[in-house]
Every structure is written in structure tokens, then in C-alpha cells.
Amino acid sequence: MVRIHTLGRRDDAPAMLVQLTDCHLFGQPDTAMLGVNTDASLRAVLRQVQADGKRPDLLLATGDLSQDGEAASYRRFAGILREAEPLQNTVIRCLPGNHDLPAVLRQELPEWSQPVTDVGAWRVVCLDTTVPGSTAGHLPAGQLDLLEEALAQAPHRHTLVAMHHNPMQIDSHWHDSMMIDNPEALFKLLARWPQARVVLWGHVHHEFDRRRHNLRLLATPSTCFQFSIRDGRHVVDNLAPGYRWIKLYQDGSMATGVRRVQDALLRGALAAPDNARAA
């Protein structure tokens, strides 16, 4: 039986979610990666959340919270979020990405690592797509079973599925060797459960919004540096960091958008380039 955490709110009220992803914090504070101080950039994104008036019921942090998997990076991530004024009454859920060490993440953030959460009329299921020693992703049988059990237990609840790796190509002209390697298993499972509405991920460091039958497929900018695909190549982009907001309604409909940090809030987020690498 999947353990369910239910937020104390009415099912008939719309739920506000915020997604943060790919923060790439280090064990040492204020470390730069690809020219960005990842601590300062995360704080700038949270200030943008506050400036936008968003007070989410649920915050989803969809992987690569840490760049080096150090326990100190997860403790600092937790401290930064706990200090953020718009998150004072927010339930937080985290899942690992390919740069995280999942066991360390769960040890440092045990309450934030619960995989299934009910909010309003919706169920949110967080999956672990990481493969040890690889930048690519995979959905093992245990994670697919968790998802199917969560769907079977609540056929009346609309469902959002969150993960780190993308389950589809972002650009048809670029072969993505870092997505999950068994997306057909995911989509075949979801096709059996009409309440599945949204699949949400990080990893790609840019915005993506498509539909596949009854599913909305969404990816979100990183809270630090950004990527894009140009001329069939994966390159660093100069777009500002950002977050995604999602408003979930009782009838299964949703509204969503991406907000990038405005210039006035981005001061201090840039630092001198270093030798760290992203993937």
C-alpha cells in the first residue's frame, strides 16, 4: 500500500503548485558553475516567486538539487527554502536527478522525499528516474508499480506525475541520449488511467509544453544556467533562470506558466566562470 500524504485543504479549491528544478548547489556555499553562483541564483528565483505573489500549496523540486551530492548541499537547499517568505506554509516534495545522490538526499530531506501527495482534487506522484553512474534515466519496475498503485488507489483524483528525466525528445533534430530509455512503458501505463493529466520534469534546463492525447507534457527552466538546442547541438543559453507555476482545478483542468527572474532581482546571481561541468 502506497503511503499518501494529504494536504489539509478543501478538494473543491484550486491548488497552486510551484516547480523548481536543477538548482545544482555544491557542498561549499556560493560556488559558481558555468558562470552562475547557484546559491544566489536560487535565492533570486525565490524572490521572483514572492514578487509574483505566488504562495504555493505544494512546491516540487524535480532533481539535480545538488551538483556534487554532498550532504551540506541538501542542508543548504533546505535552509534557503525554509527562509523564503512565500514558502512559509508550503508543503515541499523533492525527487533526485542524475547529479544527486538519492540516498543522501533522502537521508537529509526525509519528510520532503515522500512520493505521493494529495492536494485539492489532485494526486501528485514523484518518481525516481536516476541510474547510478549515468546521466541518462530509466523507470524501473518498482517505480512503475508505485505509479500504477497510486493511480489505482484514487481513480477519482486527477493525477500529475513528476520526474527528473524527460520521457520524450525535446527537439527532433537532436538525439537525446540523456532522457529515460523506456518512455513507452510510462506512456503505455498512463494510457490505462484516464485520470492522468500531467507529466512534469526538469533536466533539460529550458521550457517545454506539449500535449499527447489527454496528457500535458511540461518541462521547466533551471534555477541557474539554461540550455537550448541550436542547429542540432546542445548549448548554454543566456536566458534568465526561472520557475513554473501550475494552478490545478477540481475539474481536472489547469493553468500554467513559466516566470523568469527579472533583471532587478538577478543581481548577484552571476559569478566568475569555473571549471565545473554540467550534464
Problem - Verdict with reasoning, Ser73 to Gln67, per side-chain hydrogen bond (donor to acceptor under 3.5 Å, both in side chains) - result: CA-CA 8 Å; Ser73 65; Gln67 171 63 19; over 6 Å; no

Problem - Passing candidate, side-chain contact (heavy atoms from CB on, under 4.5 Å) with Leu147, options Leu139, Leu186, Val116 - result: Leu186

Practice task
Among Val204, Leu239, Val236, Asp22, find the residue that satisfies the side-chain contact (heavy atoms from CB on, under 4.5 Å) test when tested with Phe227.
Solution key: Val236

Sub-4.5 Å side-chain heavy-atom contact between [X] and [Y]:
X	Y	value
Leu17	Pro56	no
Leu46	Leu20	yes
Arg216	Asp209	yes
Leu81	Thr90	no

Examine [X] and [Y] and state if one hydrophobic cluster contains both, with Ile, Leu, Val, Met, Phe, Trp and Tyr joined whenever side-chain heavy atoms are less than 4.5 Å apart.
X	Y	value
Val125	Leu189	yes
Val49	Val258	no
Tyr249	Leu60	no
Leu95	Leu109	no
Ile4	Val161	yes

Reported [atom1]-to-[atom2] distance for the pair [X] and [Y], which is rounded to 0.5 angstrom:
X	Y	atom1	atom2	answer
Met33	Phe26	CE	CZ	5.0 Å
Asp128	His138	CG	NE2	11.0 Å
Ser228	Ile170	OG	CD1	12.0 Å
Lys247	Ser253	NZ	OG	10.5 Å
Arg192	Phe187	CZ	CZ	14.0 Å
Ile246	Lys54	CD1	NZ	12.0 Å

Just by modelled atom types, is the [Y] backbone N or O under 3.5 Å from a matching donor or acceptor in the [X] side chain?
X	Y	result
His164	Leu127	no
Glu108	Arg106	no
Arg244	Gln19	no
Thr159	Arg157	yes
Asn166	Met168	yes
Thr21	Thr62	yes
His158	Ala121	no
Thr256	Trp245	yes
Arg76	Leu25	no
Asp64	His203	no

Problem - Enclosure of Gln28 CD (heavy-atom neighbours >12, cutoff 6.0 Å) - result: no

Practice task
Assess whether atom CG of Asn89 is packed by more than 12 heavy atoms of other residues, nucleotides or ligands within 6.0 Å.
Solution key: no

Handout entry: Salt-bridge criterion met for Glu85 and Arg55 (N-O under 4.0 Å)
Key = yes

Shortest non-hydrogen contact between [X] and [Y], atoms and distance:
X	Y	value
Phe77	Ala61	CZ-CB, 3.8 Å
Pro221	Gln226	CB-OE1, 3.2 Å
Pro241	Val45	CB-CG2, 3.9 Å
Leu105	Ser113	CD2-OG, 3.5 Å
Asp30	Asp39	N-OD2, 3.3 Å
Asn182	Leu144	ND2-CD1, 4.4 Å

Handout entry: side-chain contact (heavy atoms from CB on, under 4.5 Å) assessment of Gln114 paired with Arg93
Key = CA-CA 7 Å; Gln114 298 179 41; Arg93 292 290 178 262; 3.9 Å; yes

Practice task
Indicate the ring-plane relationship of His24 and His205, choosing parallel, tilted or perpendicular according to the 30° and 60° boundaries.
Solution key: tilted

Practice task
Measure up the Phe208 and Trp201 rings against each other and bin them: parallel (under 30°), tilted (30 to 60°), perpendicular (over 60°).
Solution key: tilted

Handout entry: Steps toward side-chain contact (heavy atoms from CB on, under 4.5 Å) verdict (Met254, Leu218)
Key = CA-CA 12 Å; Met254 59 170 289; Leu218 300 170; 3.8 Å; yes

Practice task
For the residue pair Thr129 and Gln143, confirm or rule out a side-chain donor-acceptor distance under 3.5 Å.
Solution key: no

Practice task
For side-chain contact (heavy atoms from CB on, under 4.5 Å), just list the numbers for Met163 and Val199, CA-CA rounded to whole Å, side-chain angles, deciding distance to a tenth of an Å, and then say yes or no.
Solution key: CA-CA 8 Å; Met163 63 187 71; Val199 179; 4.0 Å; yes

